[in-house]
Amino acid sequence: MFKDYFYQYGWFFIFLQAIPYLIFQKTYMAMLISRFFFLPAVGVIISYFVARYILGKKYLILIFLVLSLPFRINFEYVAIRHLMAELSLAILIFSLYHKTSKGYLMAGLVGGMACLTSLEYGLALNIGVFIFFVLNWKLRMASFEKKEYRSFLLGQTIALIPFLLYLLMNGAVGNYLSFTLGYIKSFYYSSPCSPDSFPRLADAVSEIQSNSYSLFGKAIPLLFLQKLNMYIVFFFYILSTFYLAGRYYMLRKLTRTEAIASILIIYGFLIYKRTLNNPCFGYFTYSLVPFMLLLTLIVGNLVAKFKNGTTRVKIIIIVAFLFVTAWLALTEVSGITEEILVTKKVKTQLSFSTTYYPKVGAPLPNKDVKAYEEIYRYIVSRAKKSDPLFVYPWGPYNQLTNMPAPNSILNPAQFIAGERFINRTIADLEKYQPKYTIINIYNNLSIAHWGKNGAGLNRYLAVNDKKDGVIFTGIGNEVERYILSNYFPVYRNEIGVVLQRRAKPIYINNYYRKVKQITDITKEKIVLDGMKSVGTKAKYQFLRRDGKWKLVLSTPIKATDIVVELKLNANLFTRELSRYDIIAHAVVSRPGDSFADAGVISSTDWQLLRITLNGVEQINAVEITVSKNKGAIWWLLPDDLEIKKITFYGWIHD
């Protein structure tokens with residue numbers, strides 16, 4: 001559907017899914033088979049080869065697979081994202097200890113495909129292998145010389161060249177690199193896991209009080225225990241690092257198993273970074289593959305000691321084995337334990353009449369099939385299939401009409417990744433000037449509407465709010481302004497509006513205007529609670545684990561929106577391990593809902609926090625409350641808060 005690339009995961013991830021789509025002719029059944037059978041099966045197969053190349057012994061492979069399945073780390077729809085990187089690492093480890101020169105090239109080829117499957121894990125793989133190469137170069141932990149490393153890099157180059165050539169031919173290399181890296185960086189501020197936190201004792205207490213899970217008639221905080229694995233895995237990696245460092249310091253060498261463990265620990269730390277930035281249990285499970293491999297290696301060593309150990313040693317091993325098994329069974333996330341322990345469930349069931357619609361490749365409500373067919377017939381009778389068709393904000397219309405999109409950046413993601421990508425979308429629209437644009441008004445998160453007088457909205461962007469037309473919710477962005485300026489409606493139904501390009505663009509009135517901007521915060525009246533001023537700039541040091549900053553206006557300001565530009569200054573340590581909720585609140589003459597919150601991590605970047613009011617209000621003060629740290633180092637004080645400027649906007653109708 002998109003001209004140059006699909007931003008979310010990677011080309012190889014899409015390529016794998018193309019196999020069932022081609023076999024089952026792009027049907028809805030193909031999607032179901034791909035998501036719930038094909039990719040999970042591929043994930044389990046890859047897991048088998050990962051275990052085979054690293055563990056070798058059949059009983060250890062079986063243990064690894066048994067440990068992996070209950071934690072959903074190898075058969076989830078998106079599991080392929082990280083498993084390709086781990087397969088590359090497994091082939092590399094296998095080559096190190098079986099002296100197969102071709103294996104390094106193969107590891108590189110798979111590593112290149114890992115980069116094309118999910119760039120985050122591909123980068124973690126490459127950084128991990130490089131660190132292992134440097135350590136081996138200095139410490140001689142394994143036979144990993146420059147020749148083998150060059151073969152690994154050559155394999156990656158061979159795998160990456162076709163995709164890079166494709167991007168180059170389409171003029172999208174710059175777009176791909178800047179957008180993908182920008183999206184990865186911005187994801188930490190917009191992640192759905194930003195409200196989550198590392199587990200606290202208070203979480204266990206609240207879960208016990210909710211009494212939603214029970215064991216032998218006693219309430220247990222099952223979700224809390226599952227989240228405790230975040231700490232267990234993290235400290236397991238740390239303790240293992242100290243253990244291996246101590247072993248090398250004393251013996252000046254590492255065994256084969258210890259050398260394998262070292263590279264798994266390096267890679268495990270790197271992908272665990274995502275859990276530190278986004279303390280979400282879902283992302284945490286992606287870091288469990290190296291952990292489970294290390295755990296299985298320990299089991300192998302314990303089995304050997306059990307065979308030759310004393311009775312006391314055997315008893316200790318049996319007790320440890322039973323304890324770990326019980327813990328993993330209790331904290332697994334496949335739902336089996338939950339089914340056994342849960343005390344009550346509420347099930348809901350929805351049903352509606354559907355018809356399979358081949359052009360979309362999915363079953364749809366009957367009324368939607370009719371509406372999509374109407375739009376399809378209107379477009380294909382007036383445009384060529386080679387003509388570009390712009391769809392906003394999203395929808396299946398490119399697939400429906402088999403017409404290409406003019407923009408190389410997915411609309412819903414461009415606003416997350418940054419303003420420069422909005423400008424690139426406008427540049428694409430100017431370059432290709434599609435004759436038709438479709439505004440999807442069905443299932444679009446209320447981004448676009450059809451109507452007049454603002455359609456009951458407090459903020460909107462429209463050509464003329466006195467007549468029916470397309471209305472965009474909120475303050476409007478430059479893409480929406482471009483659409484209204486350059487296109488006019490020619491056809492509509494209940495799910496979409498077809499717009500045709502104007503001969504000349506028209507002026508779109510800007511109701512959203514800057515009322516006042518405060519740049520020198522130090523000249524204003526500031527009230528502090530739990531923090532103190534530092535120096536002459538608007539910088540404030542925390543005196544406790546939370547705090548409140550308040551700007552008291554000498555003269556009230558009438559506005560509808562307030563944008564605060566701020567940052568929590570951070571060093572390398574706190575930037576990776578901290579996350580806060582910042583709540584901004586406007587004190588108005590007529591109290592109402594007037595706050596906005598955001599998950600914020602300590603950073604070296606400035607961040608924007610928006611306060612959205614219900615309408616025009618007389619604002620007397622602006623409050624910013626910084627909550628206690630929700631990251632891994634939750635016991636520390638927040639970093640210094642710095643306020644750059646505060647801008648007041650008004651929604652003014654002429």
Problem set entry | Criterion side chain to side chain contact (heavy atoms under 4.5 Å, CB included) on F242 and I238, from CA distance to verdict | CA-CA 6 Å; F242 280 112; I238 291 177; 3.6 Å; yes

Are the side chains of [Y] and [X] in contact, using a 4.5 Å heavy-atom criterion?
X    : Y    : answer
V303 : Y59  : yes
F284 : N229 : yes
F198 : T275 : yes
V333 : Q226 : yes
F37  : P20  : no
N126 : Q156 : yes
L16  : T117 : no
F234 : S287 : no

Would you compute the distance between atom [atom1] of [X] and atom [atom2] of [Y] and round it to the nearest 0.5 angstrom?
X    : Y    : atom1 : atom2 : value
F49  : L87  : CZ    : CG    : 8.5 Å
Y104 : L153 : OH    : CG    : 13.0 Å
I265 : T241 : CD1   : OG1   : 4.5 Å
D639 : T574 : CG    : OG1   : 3.5 Å
T296 : L60  : OG1   : CG    : 7.0 Å
Q17  : S34  : CD    : OG    : 4.0 Å

Determine yes or no for a side-chain-to-main-chain donor-acceptor pair under 3.5 angstrom, with [X] supplying the side chain and [Y] the backbone.
X    : Y    : result
S118 : A114 : no
E332 : I336 : yes
H98  : Y53  : no

Quick check: closest heavy atoms across [X] and [Y], and the distance to 0.1 Å?
X    : Y    : value
N74  : S47  : CB-OG, 2.9 Å
G309 : K314 : O-CE, 3.5 Å
I271 : Y286 : CD1-O, 3.6 Å
S262 : F132 : OG-CE1, 3.5 Å
A159 : G112 : CB-CA, 3.8 Å
S88  : A107 : OG-O, 2.7 Å

For this session: Quick one: sort the Y149 and F133 rings into parallel, tilted or perpendicular, breaks at 30° and 60°.
Result: parallel

For this session: Write out all pairs satisfying ring pair (Phe, Tyr, Trp, His ring centres under 6.0 Å) with one or both partners inside residues 292-333, taking only residues at least two apart or from two chains.
Result: none

For this session: Could you check E86 against Y267 for side-chain hydrogen bond (donor to acceptor under 3.5 Å, both in side chains), going step by step and ending with a plain yes or no?
Result: CA-CA 9 Å; E86 286 135 14; Y267 174 75; 3.2 Å; yes

For this session: Would you check, one step at a time, whether the test side chain to side chain contact (heavy atoms under 4.5 Å, CB included) holds for N301 with I298?
Result: CA-CA 5 Å; N301 287 336; I298 292 174; 5.6 Å; no

Exercise. Partners of Y231 by side-chain hydrogen bond (donor to acceptor under 3.5 Å, both in side chains), sequence neighbours excluded?
Worked result: W634

For this session: Output, in order, the C-alpha distance, side-chain angles, deciding distance and verdict of side chain to side chain contact (heavy atoms under 4.5 Å, CB included) for L160 and C115.
Result: CA-CA 8 Å; L160 293 172; C115 293; 4.2 Å; yes

Exercise. Under 3.5 Å, is there a donor-acceptor pair linking the side chains of E145 and N136?
Worked result: no

Problem set entry | M230 atom CE: more than 12 heavy-atom contacts under 6.0 Å | yes

Exercise. Is a salt bridge present between R81 and E120, judged by a nitrogen-to-oxygen distance below 4.0 Å?
Worked result: yes

Exercise. For V50, which of L293, I91, I45 qualifies under side-chain contact (heavy atoms from CB on, under 4.5 Å)?
Worked result: L293

Exercise. Step by step, would you call I54 with F94 a side chain to side chain contact (heavy atoms under 4.5 Å, CB included)?
Worked result: CA-CA 6 Å; I54 293 178; F94 181 84; over 6 Å; no

Exercise. Any cation-pi pair here, K628 with W635, using under 6.0 Å and within 45°?
Worked result: no

